Amino acid sequence: MNPHVDFHAFAPEIVLTVTIVAVLIADLFTDDSKLPARIAALGVLGSLVPVLTLAVDGQTRSLFGGAFVVDPFSLVLTGFFLVAGYVTLLLSFDYIGEGDYYQGEFYVLLLTSLLGMIVISSARDLISIFVALETITIPTFVLAGWRKHDTKSNEASLKYFLIGVLSSAVMLYGMSLVFGLANSTVLVDIHKYASGHTPALFAVAVFLTLVGFAFKVSAVPFHFWAPDTYEGAPTPVTAFLSVASKAGGFVALLTIVRLGFFPSGNSWQPILWVLAAASMTLGNLAALRQTNIVRMLAYSSIAQGGFILVPLAVAGDVRGNAAWQAVVIYILIYGAMNLGAFAAVIAAARRTRSAEISRLAGFGRTNPAIAVMFSVFLFSLAGIPPLAGWFAKFVMFRAVFDANTTVAVVLGVIAAVNSVIAFFYYSGVVRRLWFDEPAAGVELSSPRLPVGLSAAMGLMTAVILVVGVYPQFFARLGEIAFQRG
Amino acid sequence: MIAAFTITPSFYLILAAILFSIGAVGLLVRRNVIVMFMCVELMLNAVNLTFVSFAKALNDVGGQVLVFFTLVVAAAEVAVGLGIIVAIFRRRRDATADDLRTLEG
């Protein structure tokens, strides 16, 4: 028997894989350090082409016994990951080029991780989700330790590695128990199994699986690796970890809950509720007392992760797709504003040669363009209209009100209090940028910003402003994602 | 006496659970990075044992196929993990997790 394989369905993955090989070969045979970077950028944009043709085609394609499904949901997220990957490349070009480490490997690892992300948006089976998640994670262990002569980078890498493999083992043990009970790893079958009466062991299995994901998305109390790893890793890698890699974890979590565990609400809802509440509260409180901008953004991204978990935690009581849409919209907007914020940190660090918040004093007077964009990203993260962040918060609260149960409302109140706390530390940085006197002896002038970095910041600012003023754009993407293809 | 004592799949599942717990506790208690690393391997092998015993109990060969995926992923993790440990050893003579405290969470 010759199985029919629909190559169009995974053309984005094929293009990206070919690109990875091409970057490796180009790095081997040329001394031109720019060539691998160019191929990588072209390849990522090239992978967007089949995503568009598949979107125009609009047909739902199911492959490998339902383990790999191309539907509007996976196309929207594949597109998001590819754009986020491209922006990370823009951030990396000069940062990586100026160090004295090998460059080709950096791009290969980054693209491999990206490959895992675009696979995960189509994965509909426990094992393909697991393998895709590991494809995302394993290259990022190396990327975090990429400055291998730097003790901080070594330490970041080792901590991330130990926590990463621990979480994989816990998640996989949960998955093996799910397989034993449901007699299948395909999510559709698990959904059927969870609809019936399930033994207590199923709740244990769900718990272990979700704990594994909690590590991946750095939800409190499984977050302690994130600030250390974010600080020690090269900043473009941190941007990638905090946006793309984290979104990969959330996409897998969303898929597994929505299509797999959903009917057995008692087993997953309390866990997600606790994770959401703890992540928002502890993330924000810890962010308040940070003096290093990267660590502050690390805790802020833990808190933002908590906000993303809110609609998931109440999804069982929301009719229709409003909760799932809220998660996807929040991920898209969070990606734009966090990538922007890290781009601004890289740009500012080129001038101040430091990641301390105190060194940013008076930055707005000497470098108004960077400071304006930096403020846009921070206010957007705080959720202030008319920047995109408000719409992310809005869809989250809408999901809470749709659920309209006591537990959902309590979670909504916690989220509201946290939005206020978050405003303090974001606006604290903005105040330093604009209203403080520059510290004595800080030289803020330096050569021009690299084109890639400026382009990335400009692009993210544009997205945030357009979506903030015209949110229907992302709202429509959220609707499309859950349409029946 | 001995003949009446049959080994059922649940024996293997309990053994796997015990192995998994030993690995998890070891990872949290031990400070030597290489030993922590071996504890992770123990946990992953407990997972493999679970998959295989369920596959046998359910008469589903799929579970045994899944073990290959786990093995490949574990091998990739070992390669990367040892690389990181070697990078750290080059900068300092020992490898205990307690010494790595430049970054304080």
Side-chain angles (χ1 to χ4, degrees), chain A residues 65 126-128 130-131 133-135 137-142 144-145 148-166 168-186 201 208 223-232 286 295 298, chain B residues 9 13 16-17 20-21 23-24 27-28 33 36-37 39-55 57-60 62-63 65-70 72-74 76-81 83-92 95 97 99-105:
Chain A
L126 288 183
I127 293 306
S128 48
F130 172 73
V131 172
L133 209 52
E134 291 304 301
T135 317
T137 322
I138 294 176
T140 54
F141 296 149
V142 186
K148 64 178 179 181
H149 300 306
D150 176 5
T151 322
K152 268 189 179 176
S153 195
N154 290 162
E155 189 179 330
S157 170
L158 186 69
K159 279 185 176 163
Y160 186 34
F161 171 76
L162 284 173
I163 297 297
V165 289
L166 171 67
S168 310
V170 172
M171 183 196 302
L172 201 57
Y173 191 57
M175 286 176 173
S176 71
L177 295 177
V178 172
F179 163 74
L181 292 169
N183 195 6
S184 170
T185 54
V186 183
L201 187 61
L208 289 171
H223 67 290
F224 40 81
W225 60 273
D228 288 357
T229 303
Y230 285 11
E231 189 188 346
R295 289 184 81 84
Chain B
L13 294 177
F20 187 82
S21 315
L27 189 68
L28 298 174
V33 176
M36 290 167 88
F37 201 59
C39 290
V40 172
E41 291 302 304
L42 198 58
M43 292 167 80
L44 286 172
N45 280 318
V47 172
N48 284 341
L49 187 56
T50 315
F51 268 129
V52 172
S53 19
F54 274 130
L58 299 166
N59 213 0
D60 175 3
V65 175
L66 302 183
V67 171
F68 286 103
F69 287 97
T70 320
V72 170
V73 167
E77 276 171 352
V78 168
V80 167
I84 294 169
I85 292 173
V86 167
I88 289 176
F89 260 112
R90 286 207 176 139
R91 298 200 39 91
R92 53 176 100 215
D99 293 334
L100 296 169
R101 44 174 70 244
T102 321
L103 299 164
E104 270 310 335

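On a predicted model such as this, the values are computed, not experimentally measured, just so you know. Residue numbers start from 1 in every chain, and the chains themselves are labelled A, B, ... in the order their sequence lines are given, proteins ahead of strands.
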side-chain contact (heavy atoms from CB on, under 4.5 Å) between F179(A) and D60(B), worked out: CA-CA 11 Å; F179(A) 163 74; D60(B) 175 3; 3.7 Å; yes
For G180(A) against L58(B), the heavy-atom pair lying closest together: O-CD1, 3.6 Å
Closest heavy-atom pair and its distance - V80(B), F141(A): CG1-CB, 3.8 Å
side-chain contact (heavy atoms from CB on, under 4.5 Å) evaluation trace for V165(A) with E41(B): CA-CA 9 Å; V165(A) 289; E41(B) 291 302 304; over 6 Å; no
CA sep, side-chain torsions, deciding dist, call: L177(A), F54(B), side-chain contact (heavy atoms from CB on, under 4.5 Å): CA-CA 8 Å; L177(A) 295 177; F54(B) 274 130; 4.0 Å; yes
Contacting moiety of A17(B), where chain A heavy atoms sit under 4.5 Å: both
From NZ (K159(A)) to CD1 (I84(B)), nearest 0.5 Å: 13.5 Å
Atom group of F51(B) that falls short of 4.5 Å from chain A, counting heavy atoms: both
Contacting region of L172(A) [heavy-atom separation from chain B under 4.5 Å]: both
Working for side-chain contact (heavy atoms from CB on, under 4.5 Å), residues M43(B) and L166(A): CA-CA 8 Å; M43(B) 292 167 80; L166(A) 171 67; 3.5 Å; yes
Nearest-0.5 Å distance that lies between atom CG in N183(A) and atom CG in N59(B): 9.5 Å
Option in A286(A), A226(A), A169(A) with maximal non-hydrogen atom pairs under 4.5 Å from chain B: A169(A)
Minimum heavy-atom distance between T50(B) and S176(A), given as atom pair plus value: CG2-OG, 3.5 Å
Between CG on residue L28(B) and CG on residue L162(A), distance to nearest 0.5 Å: 11.0 Å
Between V73(B), V40(B), L44(B), the one whose heavy-atom pairs under 4.5 Å with chain A are most numerous: V73(B)
Contacting region of T135(A) [heavy-atom separation from chain B under 4.5 Å]: neither
Atom of N154(A), atom of A87(B) and distance for their closest heavy-atom approach: OD1-O, 4.0 Å
